[in-house]
Amino acid sequence: MTIPGIEALDELGADGPAARTVAPDGDVVLLVPSGSPAARAAAHAQDDELTCVMEITDVAPVAMSHRIRGRAWVAGWLTPVPCGERTRAAAALLAERHPVGELLGIDQAPRPRRSGRPAAGVGPAGRAAWALLRLEVGEACVDDLWGTDGVEPDDFTTAEPDPLIRHEADLLQHLHAAHGDQVRGLCALLGDRSDIVCTRGPATPVALDRFGLRVRFTDEADRPFDARFDFPEPVRNVTELRYAMHALFDAAAG
């Protein structure tokens with residue numbers, strides 16, 4: 001995250017968000033260390049004076065060159081999540097989507113020490129170790145294989161997570177490890193281009209969503225070429241994905 005006028009976050013990411021999610025109202029809820037620059041700045045900010053830009057980098061879960069699939073920037077105004085019911089609701093939402101142990105100490109009294117260990121959920125000088133911040137989205141932008149485009153706040157709010165998002169990494173790694181020949185066989189669906197872009201090396205699955213599969217091939221000059229294979233219709237779960245993938249493989253096999 002970048003906050004104008006505030007010292008840069010730790011290069012190792014220790015001061016960055018441990019988890020984040022989007023609330024039903026479109027705000028981004030962030031779990032950050034209570035001693036981080038972002039938490040300190042938000043605690044002393046007045047109204048909407050603290051602007052913030054959050055950069056998100058999308059990295060392919062399968063090892064390959066040029067693994068970055070895209071980047072996104074979300075800009076807006078950063079404030080603490082008020083204590084009380086809203087804090088508990090935000091923590092519950094984060095815990096549902098990102099079950100991290102740090103959330104257990106949010107907005108709760110510290111639990112006593114056990115066997116000489118520090119009290120749970122407590123940082124230096126008895127302060128809570130974690131803080132919840134709210135980023136009210138003013139604008140967003142996405143830069144990926146298909147170009148750069150802005151996202152309006154209303155569109156950001158109403159966007160639905162892809163149903164495969166929690167399974168994508170495992171599914172891509174499985175396709176790469178166990179179905180490499182079938183993934184490479186999808187090159188047959190590229191028609192005349194297959195003789196140009198599928199001449200060297202393996203085919204690597206790059207991305208997977210409800211609409212289709214993206215695969216990286218290598219041409220005779222050792223240049224990467226990404227191809228998108230659309231499903232006949234969007235899938236809603238892993239079961240439907242299994243049928244869609246079999247349909248692709250069968251079509252490629254002729």
Side-chain angles (χ1 to χ4, degrees), residues 1-6 8-13 15-23 25-32 37-38 50-78 97-98 133-173 175-176 183 186 190 193 197 203-219 221-231 234-235:
M1 293 192 300
T2 301
I3 303 173
I6 303 299
L9 298 179
D10 178 66
E11 292 183 357
L12 298 178
D15 286 335
R20 64 176 183 267
T21 193
V22 180
D25 61 2
D27 291 343
V28 181
V29 179
L30 305 165
L31 178 71
V32 300
L50 188 64
T51 58
C52 172
V53 178
M54 180 174 62
E55 179 178 349
I56 303 168
T57 302
D58 180 24
V59 181
V62 179
M64 68 185 80
S65 58
H66 311 295
R67 289 181 67 177
I68 295 179
R69 303 186 295 193
R71 287 187 171 90
W73 295 265
V74 181
W77 301 271
L78 197 64
R97 300 176 182 175
H98 300 278
L133 303 182
R134 176 177 68 95
L135 177 61
E136 180 185 352
V137 177
E139 59 180 337
C141 179
V142 176
D143 180 12
D144 58 17
L145 181 67
W146 293 271
T148 303
D149 200 2
V151 180
E152 294 295 328
D154 288 345
D155 294 333
F156 185 91
T157 299
T158 58
E160 292 288 338
D162 191 272
L164 301 181
I165 187 62
R166 292 189 178 186
H167 311 286
E168 186 201 19
D170 290 339
L171 290 169
L172 289 176
Q173 291 168 357
L175 284 172
H176 185 58
V183 172
L186 294 175
L190 298 178
R193 290 181 297 172
V197 301
T204 306
V206 178
L208 179 67
D209 56 43
R210 64 184 180 274
F211 297 110
L213 174 68
R214 177 175 154 194
V215 178
R216 179 164 298 168
F217 301 97
T218 305
D219 66 15
D222 207 26
R223 294 172 300 195
F225 172 86
D226 283 13
R228 174 85 178 184
F229 301 95
D230 292 333
F231 300 140
V235 301

Charged N-O contact under 4.0 Å between Arg228 and Asp226: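 Answer for the salt bridge query: no.
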Looking at [X] and [Y], would you say the former's side chain and the latter's main chain have a donor-acceptor pair under 3.5 Å?
{"X": "Arg67", "Y": "Val59", "result": "no"}
{"X": "Arg216", "Y": "His66", "result": "yes"}
{"X": "Gln173", "Y": "Pro61", "result": "yes"}
{"X": "Glu168", "Y": "Leu208", "result": "yes"}

Output the distance between atom [atom1] ([X]) and atom [atom2] ([Y]), rounded to the nearest 0.5 Å.
{"X": "Arg71", "Y": "Ile56", "atom1": "CZ", "atom2": "CD1", "answer": "12.0 Å"}
{"X": "Leu50", "Y": "Ile3", "atom1": "CG", "atom2": "CD1", "answer": "5.0 Å"}
{"X": "His167", "Y": "Ile165", "atom1": "NE2", "atom2": "CD1", "answer": "10.0 Å"}

Do [X] and [Y] come close enough that some side-chain heavy atom pair is under 4.5 Å?
{"X": "Pro17", "Y": "Leu31", "value": "no"}
{"X": "Val151", "Y": "Val74", "value": "no"}
{"X": "Phe156", "Y": "Val28", "value": "yes"}
{"X": "Cys141", "Y": "Thr148", "value": "yes"}

Which atom pair, heavy atoms only, marks the closest approach of [X] to [Y]?
{"X": "Gly138", "Y": "Trp77", "answer": "CA-CZ3, 3.7 Å"}
{"X": "Pro4", "Y": "Thr51", "answer": "CD-O, 3.4 Å"}
{"X": "Asp27", "Y": "Glu136", "answer": "OD1-CA, 3.5 Å"}
{"X": "Thr204", "Y": "Ala63", "answer": "CG2-O, 4.5 Å"}
{"X": "Phe211", "Y": "Asp209", "answer": "N-OD1, 2.8 Å"}
{"X": "Leu190", "Y": "Phe225", "answer": "CD1-CE2, 4.2 Å"}

task: Show the numbers, then the answer: is there a side chain to side chain contact (heavy atoms under 4.5 Å, CB included) between Met1 and Leu30?
output: CA-CA 11 Å; Met1 293 192 300; Leu30 305 165; 3.5 Å; yes
query: Taking only residues at least two apart or on different chains, which pairs with a member in residues 154-163 satisfy salt bridge (charged side-chain N to carboxylate O under 4.0 Å, His left out)?
result: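 Of all non-adjacent pairs touching residues 154-163, those that pass salt bridge (charged side-chain N to carboxylate O under 4.0 Å, His left out) are Asp162-Arg210.
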- prompt: Run the side chain to side chain contact (heavy atoms under 4.5 Å, CB included) check on Trp73 and Thr2 step by step: do they pass?
  reply: CA-CA 10 Å; Trp73 295 265; Thr2 301; over 6 Å; no
task: Please assess Arg20 against Leu135 for the test side chain to side chain contact (heavy atoms under 4.5 Å, CB included), listing each intermediate value before the final yes or no.
output: CA-CA 10 Å; Arg20 64 176 183 267; Leu135 177 61; over 6 Å; no
- request: Report, as yes or no, whether the 6.0 Å neighbourhood of atom CD on Glu152 holds more than 12 heavy atoms from other residues, nucleotides or ligands.
  value: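 No.
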With Arg69, the side-chain hydrogen bond (donor to acceptor under 3.5 Å, both in side chains) member among Thr57, Asp144, Asp58: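 Among the candidates, only Asp58 passes.
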query: Run the side chain to side chain contact (heavy atoms under 4.5 Å, CB included) check on Val137 and Val22 step by step: do they pass?
result: CA-CA 10 Å; Val137 177; Val22 180; over 6 Å; no
